[in-house]
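So the structure is just underneath, and the comments pick up after that.
Whatever order the structure lists them in is the order used to number ligands and atoms, beginning at 1.
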Amino acid sequence: MARITASVYCSHVPAIGAAIDLGKTEEPYWKPLFAGFDFSKKWIKEHLPDVILLVYNDHANAFSLDIVPTFAIGTAAEFQVADEGWGPRPVPNVIGHPDLASHIAQSVIQDDFDLTIVNKMEVDHGLTVPLNLMFGSPGAWPCRVIPFPVNVVLYPVPSGRRCLALGHALRKAITSYDEPLKVQVWGTGGMSHQLQGPRAGLINKKWDNEFLDRLIADPEAQAAVPHIEYVREAGSEGIELVMWLIARGAMSDKPPKVVHRFYHVPGSNTAIGNLILENQT
Ligand code: DHB
Ligand code: FE
């Protein structure tokens with residue numbers, strides 16, 4: 001059977017992708033941010049999964065605002081990189097796992113989570129930037145990736161409670177797949193940031209760190225926090241953090257091992273977080 005070995009949590013910002021693509025990672029502004037991922041890059045080389053189920057949000061690139069699925073799963077064999085206005089980023093296409101993705105869709109939909117099935121989709125910075133932060137810039141991504149977009153862009157967005165429960169359903173789905181695959185579930189987006197209006201630039205270090213504490217030790221308590229608190233405390237785009245509860249819900253009920261925790265400001269307009277949790281065997 002497939003096993004969920006670990007979960008990884010990671011922010012995204014298009015400017016991080018641009019810093020990589022334009023060779024600016026050693027500049028004083030970016031250096032400390034990328035240094036925070038040195039351990040993670042080493043760790044993932046030693047703990048390379050067969051497949052990553054990557055929970056992220058699309059930013060009106062794959063889905064225009066004409067159709068916005070709440071939860072979706074990418075079932076394609078390959079996903080191309082979206083053009084977000086400057087041409088597609090020079091990163092490899094994402095190789096999916098149609099068989100596992102179909103199995104997950106079957107299991108999770110029968111467990112009453114109405115996923116949108118996406119057979120063709122381009123992936124934006126929400127997915128490619130976390131891959132770069134964890135893997136650097138290889139010629140091909142070193143494992144398969146199942147994209148799992150969540151709507152945190154157009155209200156109403158799903159609740160933390162629903163996201164944690166979806167994580168539980170994903171755990172059941174993945175661990176019932178009849179092949180001995182090592183699977184990681186990644187929760188991406190966040191941390192606190194607001195890109196618009198009078199509060200643009202808002203960062204809340206205290207709240208972000210309390211979020212991390214609760215995500216690790218008491219995800220049920222974090223899941224009870226209403227979306228309005230994310231917006232009030234972590235900014236309008238801080239709501240991206242609810243996606244981290246999906247990855248957390250996919251972990252075993254036993255307390256996880258905290259392998260790495262990193263928090264950094266600034267990264268463009270965003271507080272950057274990275275957390276690695278291993279399932280205890
Ligand atoms: C920024 C952050 C985001 O989450 C995003 O999707 C776009 C931009 C930023 O900080 O610039
Ligand atoms: Fe974003």
Side-chain angles (χ1 to χ4, degrees), residues 8-22 24-25 27 29-30 32-34 36-37 54-65 68-72 74 79 81-89 91 94 121-134 147-158 160 163 186-205 207-208 211-212 227 230-247 262-275:
V8 172
Y9 308 81
C10 182
S11 310
H12 66 235
V13 183
I16 293 176
I20 295 168
D21 301 343
L22 301 173
K24 296 185 172 184
T25 59
E27 289 186 0
Y29 180 88
W30 291 109
L33 188 157
F34 287 101
F37 287 84
L54 204 155
V55 179
Y56 74 107
N57 67 293
D58 178 70
H59 300 76
N61 289 303
F63 310 121
S64 74
L65 293 180
V68 183
T70 301
F71 299 120
F79 302 89
V81 177
D83 180 349
E84 300 183 51
W86 298 270
R89 291 193 56 219
V91 294
V94 166
M121 174 170 69
E122 293 180 347
V123 289
D124 76 4
H125 72 273
L127 183 134
T128 58
V129 164
L131 285 175
N132 278 131
L133 285 169
M134 293 298 294
F148 196 100
V150 173
N151 170 39
V152 288
V153 170
L154 182 72
Y155 275 79
V157 299
C163 288
W186 289 16
T188 67
M191 299 193 71
S192 60
H193 62 301
Q194 169 141 351
L195 302 178
Q196 51 200 307
R199 294 202 310 164
L202 176 145
I203 301 283
N204 188 341
K205 286 187 190 177
W207 192 91
D208 282 340
F211 172 88
L212 290 173
H227 67 88
Y230 288 80
V231 177
R232 196 185 295 123
E233 297 294 333
S236 50
E237 279 69 42
I239 187 63
E240 289 179 348
L241 281 169
V242 285
M243 297 186 288
W244 294 29
L245 282 163
I246 298 177
F262 171 66
Y263 183 80
H264 176 81
V265 177
S268 187
N269 303 294
T270 310
I272 302 296
N274 180 219
L275 181 68

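Glu84 and His59 are not linked by any side-chain donor-acceptor pair at a separation below 3.5 angstrom, with hydrogens and angles left out of the test. Side-chain polar atoms of Ser192 and Asp208 form a donor-acceptor pair below 3.5 angstrom.
With the Fe ion (ligand 2) as the vertex, NE2 (His12) and NE2 (His59) define an angle of 90°, rounded to 10°.
Using bins of under 30°, 30° to 60° and over 60° for the plane-to-plane angle, the ring pair His227/Tyr155 lands in the tilted bin.
Inclusion of Glu237 in the first shell of the Fe ion (ligand 2) is not supported: no N, O or S atom falls under 2.8 Å.
Residues satisfying the side chain to side chain donor-acceptor pair (under 3.5 Å) criterion with Asp58, sequence neighbours excluded, are absent altogether.
Ile16 pairs in a side-chain contact (heavy atoms from CB on, under 4.5 Å) with only one of the listed residues (Asp21, Asn132, Leu33), which is Leu33. Considering Tyr56, Tyr263, Trp244 as possible partners of Tyr9, the one that fulfils the ring-ring contact (aromatic ring centres under 6.0 Å, His included) test is Trp244.
Contacts of ligand 1 (protein heavy-atom distance under 4.0 Å) are His12, Val13, Pro14, His59, His125, His193, Leu195, Glu240, Ser268, Asn269, Thr270.
How far CE of Met243 is from CZ of Phe71: 11.0 Å, rounded to the nearest 0.5 Å.
When distances from the Fe ion (ligand 2) to the N, O or S atoms of Glu240 are compared, OE2 comes out shortest.
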